[in-house]
Structure formats: C-alpha cells, structure tokens
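Structure, as structure tokens:
Numbered from 1 within each chain, the chains take letters A, B, ... in sequence-line order.
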There are 2 protein chains.
Amino acid sequence: MATGRTHRPATRSRGIPEATVARLPLYLRALTALSERSVPTVSSEELAAAAGVNSAKLRKDFSYLGSYGTRGVGYDVEYLVYQISRELGLTQDWPVVIVGIGNLGAALANYGGFASRGFRVAALIDADPAMAGKPVAGIPVQHSDDLEKIIQDNGVSIGVIATPAGAAQPVCDRLVAAGVTSILNFAPTVLTVPDGVDVRKVDLSIELQILAFHEQRKAGEEAAAHTDGSGPAAVTRPGSDDSADQGPDGDVPAVMPA
Amino acid sequence: MATGRTHRPATRSRGIPEATVARLPLYLRALTALSERSVPTVSSEELAAAAGVNSAKLRKDFSYLGSYGTRGVGYDVEYLVYQISRELGLTQDWPVVIVGIGNLGAALANYGGFASRGFRVAALIDADPAMAGKPVAGIPVQHSDDLEKIIQDNGVSIGVIATPAGAAQPVCDRLVAAGVTSILNFAPTVLTVPDGVDVRKVDLSIELQILAFHEQRKAGEEAAAHTDGSGPAAVTRPGSDDSADQGPDGDVPAVMPA
DNA sequence: ATGTCTTTGTGAACGCGTGCACAAAGATGG
DNA sequence: CCATCTTTGTGCACGCGTTCACAAAGACAT
C-alpha cells in the first residue's frame with residue numbers, strides 16, 4: 001500500500017503492533033458489511049477471507065485487543081464492530097482540514113468515506129485568493145492566511161495536505177505550529193516534523209513505480225525464454241577521469257524532469 | 001504508507017527485497033532534485049537525509065543493486081538516477097488506463113506525476129454513457145463497453161481503478177481478463193486477483209483511521225495525568241443468553257453505514 | 001610512494017511480523 | 001452429566017528488515 005508505509009519507528013503503541021493497527025480498518029470494513037446484512041456472528045476463517053488476510057493472523061490481531069471471541073462459535077459482529085471502533089478512536093468526532101483545494105483536494109473533499117466514520121471536514125484551505133469563499137463540496141474555501149485561527153477554533157488535530165510539492169513543507173510547519181499532530185500527506189515530498197507528530201504519506205507516483213518494477217520483472221522472466229542477455233550486463237562505471245556532465249554510458253535515456 | 005502495504009507474499013524479486021523496492025522511488029526523487037541542481041556527487045548521509053531514511057539502510061539498499069558508489073567520495077548522481085530508473089523499469093513507456101472518472105479519477109488524470117516518469121495515460125474509461133466523449137485532462141472519456149478493446153489496442157498492463165467500491169471487483173476482473181497484470185486500487189474494497197497479478201491499494205479512509213488511532217493514544221496518555229480510568233475498563237461480554245440484535249453494551253454509539 | 005582521511009559495502013545481531021500447529025474452551029446433542 | 005465437535009487463543013519457530021559497527025577501498029595531500 002500505499003502506501004505509504006512507515007515513518008514511525010514502529011513504536012508498539014500500548015502493546016498493539018503497528019501492523020495490527022494497520023489491519024484493524026480492514027476488519028472493521030468487513031464487519032460493517034456483515035452488520036448491514038444482519039449477520040450475528042462470524043468465524044475467524046470467514047472474516048479473514050472477507051478481509052483478505054490469513055485467519056491465524058486475524059486471530060492474533062484480535063488477541064491483542066482482548067478475548068472477544070467465543071470458542072466453537074466465532075465473534076459477535078456488533079460487539080466486535082464496537083470494540084474495534086473504540087480502539088481506533090472512531091467513537092469520537094475528528095475534525096479534519098484539507099489544505100490545497102486543487103483537483104485532488106476537491107476530490108478528497110467530495111469523498112464520502114470522510115464523513116462516514118467519525119471524520120468531519122471542518123474546513124477547506126487554499127492559498128489562492130480567487131478560491132476564497134467559493135464552495136467546494138458544500139463547504140466554502142477559506143484563505144490560508146487564516147490557517148492558524150481555523151485550526152484553533154475548530155480544535156483540529158488532523159490535517160490533510162493536498163498542495164503542490166513546493167508548498168507542502170511550509171504548510172506542514174504551520175499546521176504543526178497551530179496544534180495539528182497528525183498529517184496525511186498527498187504531496188510528493190518528504191515532510192520533516194518534530195517528534196510526537198505522525199505523518200502518513202499517500203504517493204501515487206511511488207505506487208506506480210513499484211508496480212512498474214514488478215511488471216518489468218514479470219516481462220523479463222517471460223522474455224528470458226526467447227532471447228538471452230536479459231541479465232544485467234556489466235555497465236561501464238563513471239571513471240574518475242571521465243567528464244561528469246554527460247551520462248556515463250553515453251546513451252542515458254531521457255533523464256526526466258521533476 | 002499507502003500505502004497500502006503488502007499484498008504480495010514478500011517474494012524477493014531477483015534478490016531485491018520488497019522493502020528496498022518501495023524505497024527506490026524515494027531515492028530517485030531526491031536524486032532527480034539533486035540532478036536539477038547540477039550536483040555531481042552525493043554521499044549516503046546526504047542522500048539519506050533528503051529521502052528521510054537511515055544512511056545505513058540506504059547503503060544496504062544500493063548494495064542490492066550493485067556497487068555503484070565510490071568510497072571516500074559518494075555516489076555519482078546522474079549514474080545513480082539512470083541505474084535506479086532502469087531497475088524500476090522507468091526507462092520504458094508504461095501506458096496506463098484509469099477506470100472510473102469521477103472526482104478522484106479526474107484528479108488522477110490531471111495529476112502531473114503521471115506523465116513525468118514513463119507513465120502515460122493511454123485512456124480514461126467510465127461506465128456512465130453521459131461521460132463518453134467528454135474530454136478530461138485533454139483525453140476523451142471512453143465507455144466501459146470498449147474496455148477490453150482499449151486494453152489490447154494500447155498494450156496496457158497497468159490499470160488504475162477509481163470506481164465506487166461496488167464496481168471495483170467486476171472492473172478488476174475485466175481488466176485482468178483483458179491482460180492487465182498490475183492494478184492500483186483506490187476503491188475501498190479488497191480485490192481478489194489470480195496469481196501473477198499485482199495489486200496495490202491506496203485507501204484514504206484506512207490512512208485516516210490509523211492516524212486517529214495514534215491521535216487517540218496521544219490524547220489518552222496526556223489525559224492520564226489529569227483523570228484516571230483511561231485504561232480499558234472491563235466491558236460486559238455478549239452472553240449466550242443475551243439478545244443478539246442490540247449492541248452488547250446497550251450504548252453502542254452510532255454504528256455507521258458503509 | 002606513502003600515509004591519512006573519508007565514505008562505502010557488508011557481516012552480524014537483534015527485533016518484529018507471520019504462520020503453523022495444538023491445547024484449551026465452550027457449545028451442542030444425547 | 002458426559003462425549004464430541006467446532007473454533008478460538010497462543011507458544012513456538014522461522015524469515016525478513018533494520019541497525020550497528022567496522023574493515024576495505026579509494027581519493028588526496030605531501
């Protein structure tokens with residue numbers, strides 16, 4: 001996933017492993033679907049299949065939360081929905097601000113998944129004065145001059161950054177200074193934050209590049225049957241006496257911008 | 001992050017660990033920035049700082065690719081850009097289709113990061129007949145009836161799903177049947193695919209829930225100083241004789257839809 | 001040529017996450 | 001009440017990923 005994975009030093013938060021926390025939303029989603037179909041109980045095997053994980057892993061994950069199952073029967077769906085919601089902190093209201101209302105920011109503002117689970121879009125913020133006052137997803141965009149006031153007035157602790165890469169770090173700094181302690185970053189930049197602030201990264205470009213890697217590998221393995229020489233041929237290294245500006249191989253293909 | 005983490009069984013692809021592959025795009029981005037500033041060489045320490053990782057980790061990562069550094073000096077920026085690009089398969093052209101041109105799909109189509117690194121939006125596909133022919137990001141939207149033909153005509157092997165959750169699995173099945181072997185999924189669903197197909201997941205809702213968990217933990221630790229009783233109080237379990245429809249605690253707060 | 005100094009590349013230890021396999025627990029039927 | 005059967009909860013082993021720490025390698029000055 002996205003992925004973006006892991007900025008935190010894998011600090012086991014109150015005994016619950018980070019990997020388990022990352023899977024709880026998956027379980028919760030599957031359980032909610034069962035709940036809507038009025039299914040009373042579910043076995044670890046069934047639920048694991050619905051969530052796309054190993055059943056042993058699921059049972060171990062739940063064991064970190066407590067003994068919530070009944071042997072011979074399974075798990076009470078409603079009860080487990082509540083327990084996981086509580087553990088994830090979804091029984092309370094989380095006001096969220098989105099900074100950077102471009103194409104992506106607007107799409108996020110319109111995303112239904114926000115409102116459903118305790119998350120509420122408290123404000124939309126953009127640096128473009130022309131955007132100010134214009135409603136997006138029914139919420140008027142506010143100018144970034146008022147960022148600090150917006151954060152404090154609404155008691156926001158979670159911020160979403162959907163700005164261009166260049167603006168991300170300054171915006172992040174202001175968010176943190178204003179009291180935000182969790183950031184979801186969509187800008188293609190590494191954010192630097194003080195201790196105690198959590199950052200999660202969602203990066204489309206990185207995900208695609210990872211897919212491309214595996215795609216290439218699959219294609220390479222397949223082609224290896226036909227033509228040989230797919231192995232990494234020994235390439236000339238940039239010698240100390242070589243000119244530095246030109247690519248070392250002479251045929252460096254299109255070093256792309258940005 | 002995105003996440004999304006890990007659907008593959010951690011198959012070490014040609015000796016390069018999955019965790020390393022996931023970091024290569026980060027290094028590449030930092031290196032590209034250095035290249036634009038015409039920096040000739042960079043040390044592992046500097047590059048690691050720019051990419052937000054440990055320098056030892058970076059060196060080990062690069063050691064999987066080969067010995068591309070020069071002791072006492074560092075790494076040749078241009079050379080490394082080329083090597084990583086080649087390793088990730090970015091020296092070739094990857095046509096991509098986006099299925100589901102709603103708010104998110106349109107935002108993705110407009111995203112600049114696509115075009116820059118070998119990825120090319122070959123087609124936009126939507127199930128809504130009213131969308132057909134309408135240009136988004138300069139590309140006319142095509143109807144999903146023609147999905148198979150579009151995939152095959154353009155030789156597409158990477159598909160992006162930005163449909164509602166309900167449509168995701170059927171779309172996925174059709175993409176795979178048409179020859180797509182890598183999928184980036186933005187729909188909040190677990191996709192089932194045959195062996196040999198890679199899926200990466202980007203899920204806004206999950207990322208927010210993970211942040212909420214840590215946010216709650218931070219708030220709880222802070223509040224523990226003032227009022228006690230923040231520890232998980234023993235809650236009544238759903239007894240076998242209890243009615244099943246109602247939540248076990250009697251005050252299950254707003255089990256949310258979807 | 002030789003010594004010094006910087007930086008890489010990697011062996012080794014450690015910790016986390018995963019999955020197996022099974023004992024314990026409880027439901028269910030007689 | 002007892003036997004059987006299902007399913008949970010978990011001890012254990014294994015493998016991957018991370019980090020430390022250092023030897024090897026090369027640049028550079030003298």
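Distances shown here put a side-chain N or O of A/Lys57 below 4.0 Å from the OP1 or OP2 atom of C/dG19.
Residues forming a side-chain contact (heavy atoms from CB on, under 4.5 Å) with A/Val42 (at least two apart in sequence, or on another chain): A/Leu31, A/Leu34, A/Glu46, A/Leu47, A/Tyr75, A/Val77. Every side-chain contact (heavy atoms from CB on, under 4.5 Å) that A/Ala165 has, sequence neighbours left out, goes to A/Pro188, A/Thr189. Residues satisfying the side-chain contact (heavy atoms from CB on, under 4.5 Å) test with B/Ser205, not counting sequence neighbours, are A/Arg29, A/Tyr111, A/Arg117, B/Asp203, B/Gln209. Residues meeting the side-chain hydrogen bond (donor to acceptor under 3.5 Å, both in side chains) test with B/Ser182, sequence neighbours left out: A/Glu215. Shown here are the side-chain contact (heavy atoms from CB on, under 4.5 Å) partners of B/Gln216, two or more places apart in sequence or in another chain: A/Gln92, A/Trp94. A/Thr20 meets the side-chain hydrogen bond (donor to acceptor under 3.5 Å, both in side chains) test with A/Asp61; sequence neighbours excluded.
Counting only Watson-Crick and G-U wobble pairs whose two key distances fall under 3.5 Å, DNA chain D forms stems of three or more stacked pairs at C:1-30 with D:1-30.
Nearest to the side chain of B/Glu18, among D/dG17, D/dT18, C/dG17, sits D/dG17.
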Atom pairs and distances, side-chain donor-acceptor, residues 51-60 of chain B, under 3.5 Å, sequence neighbours left out:
residue, atom, partner, partner atom, Å
B/Asn54, OD1, B/Ala56, N, 2.7
B/Ser55, OG, B/Glu45, OE1, 3.4
B/Arg59, NH1, B/Ser44, OG, 3.1

Could I get a table of every N or O pair under 3.5 Å where one atom is in the protein and the other is in nucleotides 1-7 of chain C?
residue, atom, partner, partner atom, Å
C/dT7, O4', B/Gly72, N, 3.0

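One interatomic measurement links the two molecules: CZ of A/Arg59 to C1' of C/dG19, which rounds to 10 Å at whole-angstrom precision. As rounded to whole Å, 10 Å separates atom P of D/dT8 from atom CZ of A/Phe62.
A donor and an acceptor atom never sit less than 3.5 Å apart when one is taken from the side chain of A/Lys60 and the other from the base of C/dT18.
Taking every heavy atom of both residues into account, A/Leu191 and A/Gln169 meet most closely at CA-OE1, 3.4 Å.
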